[in-house]
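Presented below is the structure to which this report refers.
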Amino acid sequence: MTLDLRDYLRVLSRRWRVIALVTLLGTGAGILASTLATPEYRATTTLFASLQGDADTSQLNQGNSFTQARVQSYAEVATSPEVTGPVIEYLRLRVTPGQLAERISAEAPLNTVLVRLTVTDTQAVRAARTSNALAGRFAEVIRELESPDTDTSESPVRLTVIQPAAVPSAPSSPQTTLNVALGLVVGLALGLGLGVALETVDTSMRDSKALAECLAAAAGPPVLSSIVHDPSASRRPVSLRDDTHGTRAEGFRKLRVNLQFAEVGKRPKVIAVTSPLPREGKSSVSVNLAATLAEEGARVCLIDCDLRRPSVASALGLVRDAGLTTALLGKVAVCDVLQSAGSFSVLTSGMIPPNPTQLLGSPQFESLLQELAEEFDHVVVDTAPVLPFADTPAMAHAVDGYLLVARAGRTSRSQVLDALRILDRVKVPVLGAVLNAAPARGDGEAHGYAYRYQPKPETAGGLTALVSTRLASVVPRRRSSANGRAASASASASAETRT
C-alpha cells in the first residue's frame, strides 16, 4: 500500500492534538529552563605575545613562527594552579583552584600570536576583575617559564594586555531565545515521532475506506453506509424526527437502500444488528434503521434482544419490564406487549434472564420471530455484542442476516475480523457493515456534509400561494380572450347573414 501526500496530511490531522501538546511541552521546558537558570556573565581579556630584543627581518620572521607555535601551549597554562592560586588569594575568592579553572576558557587562534582569557561568573564585576587579574598572573608565569635563568627580564617572550576585560552589560546565559527555539524544535520532532508511532500501532477504523479495506482483505461483506458522528445522538435517538434532511438521517436512508440489494434473489426480512464490542452504537443503528424502513410506509417491528444490557426502552421512553422474555415464558401473547414508537412497533427486552444464550437459541424464540415476520414487513433485532457473549450466534437459526456495526476510532481491525469469523461459523450471511460515529469531514462516505439543507415550510407555502394566484389570474384572462374570440366570430357571422 502506497501513501500519497494527502494520506500523510490526514495522519497529521488525526494526531494534531498530540503533536501540539508535545510541542507546547517542549517550548514550555525551554522557557522553564531559561527562567530557573542562574544568569552568568563572561569577561574576556586579550593578550599579545611578542619577542624581546633587536633582530633583523630574517630573525623576526623566525621569531614570529616561534611565537605562534609557543602560543598554542600557553593556553594550557592559563588554568594551571600556578596561575589560579595567586589570583584566588589576590581577589579573596571562595573557590578552589580547580573550581576557578572550570570557569576559565583560554583560546589561542591559529596563525596568530593572540591569547584570549575568558572568565565566566555569576557576577559581572567579579568576572571582569578575575579576567584582568588572571591575565596579569598569566603573563608573569609565562615570563618565568620562558626565562633561561631566574632573571625574568631575560625572557624572550613578552605577553602584553591589549584589550582588558570590561564589565559585561548583559548575561551570556541563559539564552532565552535559543532555549525556546530549541525546545520548540525538539518538542515538534518528538510530537511528530509520537504521532507517527501512535498512528502505526493504532489499528482502529478511522473512516469507511479503512473499514472497506479491512473487510475486503478478509473477503467480507461491503460497507453499506457511514453514519456521521452526532454529539446529541443520545438525546435524539431517532434522527429522522428532528433532522429529517441531515447528513446522519441520509446515512440511514442509504443503509436502507443498500440493504435491499444485500442479498440478490432473497430480500432479508429479519435483520440482526450487532457489533464486536459494547458502546459502538449498534442500538442507535437498530432504532434508526427501524425508523428509516418505516418511512416508506412499511410495517416494522424492532426487538431488543440484548438481554445483557438492554437500552432500546430507555432510549425511546418505553416500558422495559414486559417484553421479549415475558412472551418467551408464555405469560402473555407477543401482540399484547408490543409498544408503539410512532412509525414502528417495539418489543422491549423485558426482565433480564439468567440464561440469555439458551433463551435466544430456543425454539420458542424462533417461533416468536416467525410470528412477527408474518405480521410485519421488516423485523430489526438489536443483539448483544459478538466477542464477549455467545447470544448473537445462538439466534442464527431465527434471522435472515447480520448487520455488523463498527465505531470509528474505537473498533480495531482485529476486532472486526474476529467478529466476522464468529459469524461465519453459523452459516448465516453478514449482509454488510456500518461505520458509526464517522467524522463528518474526513470520511469518504460523508459527502453530504457540504450539501445538507433544511427546507423552509413558510417559503414553500408562500410559493404555493404565489403559484395559485398567478394561475387564478391567468385562467380568467384566457377565458375572456376566448369569449372575445367567440363574440368576434358571432359578429362576423351576423354580418355575413345580413349581406
Main-chain N/O of Gly251 paired to Ser225 side chain as donor or acceptor, under 3.5 Å: yes

Kindly give the heavy-atom pair with the smallest separation between Val161 and Ala135, and that separation in Å. CG2-CB, 4.2 Å

Which atom pair, heavy atoms only, marks the closest approach of Ala384 to Arg308? CB-CG, 4.2 Å

More than 12 heavy atoms of other residues, nucleotides or ligands under 6.0 Å from CZ of Arg15: yes or no? yes

Before accepting this row, confirm whether a basic side-chain N of the pair Asp306/Lys282 lies closer than 4.0 Å to the acidic partner's carboxylate O. yes

If we ignore hydrogens and angles and just use 3.5 Å, is the side chain of Glu89 paired with the main-chain N or O of Pro86 as donor and acceptor? no

Which is it for Glu40 and Thr122 under the side-chain hydrogen bond (donor to acceptor under 3.5 Å, both in side chains) test, yes or no, and what are the steps along the way? CA-CA 4 Å; Glu40 293 183 342; Thr122 56; over 6 Å; no

Can you tell me how far CZ of Arg320 sits from OG of Ser314, rounded to the nearest 0.5 angstrom? 8.5 Å

Do the side-chain N and O atoms of Thr45 and Asn132 include a donor-acceptor pair separated by under 3.5 angstrom? yes

Spatial distance of atom CG (Leu307) from atom OG1 (Thr357) [nearest 0.5 Å]: 9.0 Å

Testing the 3.5 Å rule here: is there a donor-acceptor pair between the side chains of Arg248 and Ser284? yes

Taking side chain as C-beta onward, heavy atoms only, is Phe48 less than 4.5 Å from Leu159? no

Looking at Ile19, is its backbone amide N or carbonyl O close enough to the side chain of Thr23 to form a donor-acceptor pair, meaning the two atoms are under 3.5 Å apart? yes

Under the side chain to side chain contact (heavy atoms under 4.5 Å, CB included) rule, what do Thr120 and Tyr41 come out as? Steps first, then yes or no, please. CA-CA 6 Å; Thr120 303; Tyr41 299 87; over 6 Å; no

May I ask you to test the Leu302-Val287 pair for a side-chain heavy-atom distance under 4.5 Å? yes

Does a donor on one side chain and an acceptor on the other come within less than 3.5 Å for Thr392 and Thr383? yes

Approximate separation, where rounding is to 0.5 Å, of Glu107 CD and Leu114 CG: 10.0 Å

Can you tell if the side chain of Leu423 reaches within under 4.5 Å of the side chain of Val428, non-hydrogen atoms only? no

Check: Thr130 side chain, Ala127 main-chain N or O, donor-acceptor pair, under 3.5 Å: no

Asp207 and Ala210 have their tightest heavy-atom pair at OD1-N, 2.9 Å

Output the distance between atom NE2 (His229) and atom CG (Leu435), rounded to the nearest 0.5 Å. 12.5 Å

Identify the two heavy atoms, one from Gln415 and one from Pro276, that lie closest to each other, and give their separation to 0.1 Å. O-CB, 3.8 Å

Side chains of Asn179 and Ile31: closer than 4.5 Å at any heavy-atom pair? no

Closest approach of Ala341 to Leu316 (non-hydrogen atoms, all atoms of both residues): CB-CD1, 4.0 Å

Does Arg279 form a side chain to side chain contact (heavy atoms under 4.5 Å, CB included) with Arg410? I'd like the steps, not just the answer. CA-CA 9 Å; Arg279 303 183 63 84; Arg410 176 175 296 181; 3.3 Å; yes

Mind checking the CG-OG1 spacing from Asn436 to Thr411? Nearest 0.5 Å is all I need. 9.0 Å

For Pro393 and Ala390, which heavy atoms make the closest approach, and how far apart are they? CD-O, 3.4 Å

Under a 4.0 Å threshold between the charged nitrogen and the carboxylate oxygen, would Arg256 count as salt-bridged to Glu295? yes

Given side-chain hydrogen bond (donor to acceptor under 3.5 Å, both in side chains), test Ser105 with Thr118 step by step and report yes or no. CA-CA 5 Å; Ser105 173; Thr118 303; 5.1 Å; no

Step-by-step side chain to side chain contact (heavy atoms under 4.5 Å, CB included) determination, Ile271 to Leu259: CA-CA 10 Å; Ile271 303 172; Leu259 271 177; 3.9 Å; yes

Just wondering, do Thr348 and Val312 contact through their side chains at under 4.5 Å, heavy atoms? no

Quick one: OG on Ser80 to CZ on Phe138, what's the gap to the nearest 0.5 Å? 8.5 Å

Would you call Leu404 and Thr274 a side-chain contact if the rule is heavy atoms closer than 4.5 Å? yes

Pair Leu134, Arg137 - check side chain to side chain contact (heavy atoms under 4.5 Å, CB included), show working. CA-CA 5 Å; Leu134 184 70; Arg137 177 56 186 169; 5.7 Å; no

Check whether any side-chain heavy atom of Arg126 lies under 4.5 Å from a side-chain heavy atom of Leu93, and answer yes or no. yes

If only atom types and distance count, is the side chain of Arg42 paired as donor or acceptor with the main-chain N or O of Ala124 below 3.5 Å? no

Please tell me if the side chains of Ser275 and Arg407 come closer than 4.5 Å, counting only heavy atoms from C-beta onward. no

